[in-house]
Amino acid sequence: QKEVEQNSGPLSVPEGAIASLNCTYSDRGSQSFFWYRQYSGKSPELIMSIYSNGDKEDGRFTAQLNKASQYVSLLIRDSQPSDSATYLCAVKTGANNLFFGTGTRLTVIP
Amino acid sequence: SAVISQKPSRDICQRGTSLTIQCQVDSQVTMMFWYRQQPGQSLTLIATANQGSEATYESGFVIDKFPISRPNLTFSTLTVSNMSPEDSSIYLCSARTSAGTGELFFGEGSRLTVL
């Protein structure tokens, strides 16, 4: 069983719509959760972190965490073409290790 | 956050040769890591670079193939030894500035192509 699972997509949304990205994880003891954005040919860039159940908002981004369901999501409101990228979910399990999902490729259509 | 510089940014290598990638962080960090990202795939942790001691390798990675050094808090190297085409990948240096929260910051990566 993979540690972190994401729908690989591609996910296409029209400009201005809400993009919803989902992630599940297997280790119930995980405490820290992150979303990274990776443009093609570039390195991952941290965009959100969340540590407790509920929602965390930062601009157009909202991260949602449900530890009971072992589920974390990222919502992007008012999607822009510049949001087109691969979004990686990462979960910190144990002392050091950060496990990454395979990523969801998002395309925002103008 | 941390600014992480890697070099080379890309290289084309011959089978059987070795290449060393350098990683420099602009501030003192608690931990440094090396990841590999093969084409179309996610990130796989190769090892944790420990200051002044041997790196801690993940399953499937060994020191003879991927020797790592970290002589001080802000600098690390990864060598890819005796390369084969299967080693063609992006190698990413990353660092954690706060052990409590766990965010990782990444360098721009080193794209290696092995012919």
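Numbers restart at 1 for each chain; the letters A, B, ... are given by sequence-line order, proteins then strands.
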Hey, any chance [X] and [Y] share a hydrophobic cluster, counting ILVMFWY side chains that come within less than 4.5 Å of each other, even indirectly?
{"X": "A/Y25", "Y": "A/L74", "result": "yes"}
{"X": "B/W34", "Y": "B/I63", "result": "yes"}
{"X": "A/V13", "Y": "A/Y87", "result": "yes"}
{"X": "B/F66", "Y": "B/L45", "result": "no"}
{"X": "B/V29", "Y": "B/L92", "result": "yes"}

Under 4.5 Å to a heavy atom of chain B? For A/Q38 that would be side chain
Drop me the distance from [X]'s [atom1] to [Y]'s [atom2], to the nearest 0.5 angstrom.
{"X": "B/I90", "Y": "A/K42", "atom1": "CD1", "atom2": "NZ", "value": "11.0 Å"}
{"X": "B/F106", "Y": "A/E45", "atom1": "CZ", "atom2": "CD", "value": "12.0 Å"}
{"X": "A/S43", "Y": "B/Q6", "atom1": "OG", "atom2": "CD", "value": "8.0 Å"}

Original post:
Looking at side-chain heavy atoms only, is the closest gap between B/R96 and A/K92 below 4.5 Å?
Top reply: yes
Evaluate the side-chain proximity of A/L98 to B/Y35: yes if any heavy-atom separation is below 4.5 Å, no if none is.
yes
Residues 107-115 of chain B vs chain A, non-hydrogen distance cutoff under 4.5 Å, contacting residues -> B/G107, B/E108, B/R111
Filtered by a 4.5 Å non-hydrogen cutoff, the part of residues 61-68 of chain A contacting chain B is none
ask   = Is A/R77 atom CZ crowded by more than 12 heavy atoms from other residues, nucleotides or ligands, each under 6.0 Å away?
value = yes
Tightest non-hydrogen contact, residues A/Y36 and B/L104, listed as OH-O, 2.7 Å
For B/S42 and A/T102, the nearest pair of non-hydrogen atoms, with its separation, is CB-CA, 3.4 Å
